[in-house]
Protein chains: 2
Amino acid sequence: MDQLLDILKRNRLSVTDGRKKILEMFLKTPGALAHADIEKYTDAAFDRVTVYRTLQTFVDKGIIHNIPTSDNAILYALCKEECADGHHHDNHVHFICDTCGQTTCLDEVTIPEVKLPKGFRPQFSEMVVKGICAACQAKQ
Amino acid sequence: MDQLLDILKRNRLSVTDGRKKILEMFLKTPGALAHADIEKYTDAAFDRVTVYRTLQTFVDKGIIHNIPTSDNAILYALCKEECADGHHHDNHVHFICDTCGQTTCLDEVTIPEVKLPKGFRPQFSEMVVKGICAACQAKQ
DNA sequence: AGCAAATTTGCAATAATGTTGCAGGTTTTG
DNA sequence: CAAAACCTGCAACATTATTGCAAATTTGCT
Ligand SMILES: [Mn+2]
Ligand SMILES: [Mn+2]
Ligand SMILES: [Zn+2]
Ligand SMILES: [Zn+2]
């Protein structure tokens, strides 16, 4: 069975055109996507509201995770196998390229633990590194 | 001289009611603030636009820095002495409490370096830890 | 295939958030 | 104190996000 359908079925989601198209986009794209990217790619074939709801559904199901940023953009990227239904395990570093603007999941780079001041109990960490990505570096 | 005036003078900013009030709020607050917090605290005495512009000015001058989040809120917190005019040096970890919602600058906790895949050149890192803060832990 | 139930979508309305130009007001400079 | 520099508030506009509800689609079942 198609990977796309497999993911939707596994998460007990109805298979609809919008979900297929949006999920397809995530499977094809190496980096992260913002709401705006999806609207552009799908050529506004789906209502904005549908895109919002689809992204939220995918996050809830553990199909995609979001990436913290300092500006006001919410970015999303595909989760690996281990995430499921409300339990995310995306403890990898994210890289944002200053040159091309692309955000990459560095799945093989684990977020290091840090020693916190007395009394703080950590549960989950996020780390974003900015700089120049491998692709842009190679073009120099 | 008052700390408040000192900071404004040092950054060659006109001393206005709005800037005094907003800066005062940052000096008093242990955690981070969002635009909405400031509007609430100042009781809408200043126009929204003025608040936006004041925050932007403070960021430009290196008086405050912003903090990455996964949702759509931009948070701001005071910078330490070393930041100035467009050159931020806030390489500390931020902590977001799941219980009280407060975001804290852990100034003494430095963001660790990570080994990136071949070709990636890092320039700047951000790290956010979520969990239960010292204050909330103590109340248990 | 055909039908009923469950789910999803699009539309419209509304809210929240952020940006810009400009005239009038305030602060600074000397 | 006066002129210059700077800052603020208003209005208008733009973008982004949320909600309720009816129509459309998908699913589960015969
Ligand atoms: Mn990721
Ligand atoms: Mn900080
Ligand atoms: Zn790049
Ligand atoms: Zn707390």
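So you know, we letter chains A, B, ... as the sequences are listed, proteins then strands, and number each from 1. Keep in mind the model is a prediction, meaning the values are calculated, not measured.
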Crowding at CD, B/Glu108 (>12 non-hydrogen neighbours, <6.0 Å): yes
Rounded to whole Å, how long is the line connecting atom [atom1] of [X] with atom [atom2] of [N]?
X: A/Gln56; N: D/dT19; atom1: CD; atom2: P; answer: 10 Å
X: A/Glu39; N: D/dT15; atom1: CD; atom2: C1'; answer: 11 Å
X: B/Lys20; N: C/dT27; atom1: NZ; atom2: C1'; answer: 11 Å
X: A/Leu23; N: C/dT8; atom1: CG; atom2: P; answer: 15 Å
X: B/Leu55; N: C/dG18; atom1: CG; atom2: C1'; answer: 12 Å
X: B/Lys9; N: C/dT27; atom1: NZ; atom2: C1'; answer: 9 Å
X: A/Tyr52; N: D/dG20; atom1: OH; atom2: C1'; answer: 18 Å
X: B/Arg48; N: D/dA12; atom1: CZ; atom2: P; answer: 16 Å

ILVMFWY cluster, B/Leu33 and B/Ile74 together (side-chain gap under 4.5 Å): yes
hydrophobic_cluster_shared for A/Ile96 and A/Met127, side chain cutoff 4.5 Å: no
All salt bridge (Lys or Arg N to Asp or Glu O under 4.0 Å) counterparts of A/Lys139, not counting sequence neighbours: none
Where protein sits on nucleotides 3-9 of chain D, one letter per nucleotide: B base, S sugar-phosphate only, - none, heavy atoms under 4.0 Å: ---SSSB
Sequence-distant partners of A/His92, ring pair (Phe, Tyr, Trp, His ring centres under 6.0 Å), two or more places apart: A/His65, A/His94
Between A/Phe58 and A/Tyr76, ring centroids under 6.0 Å: no
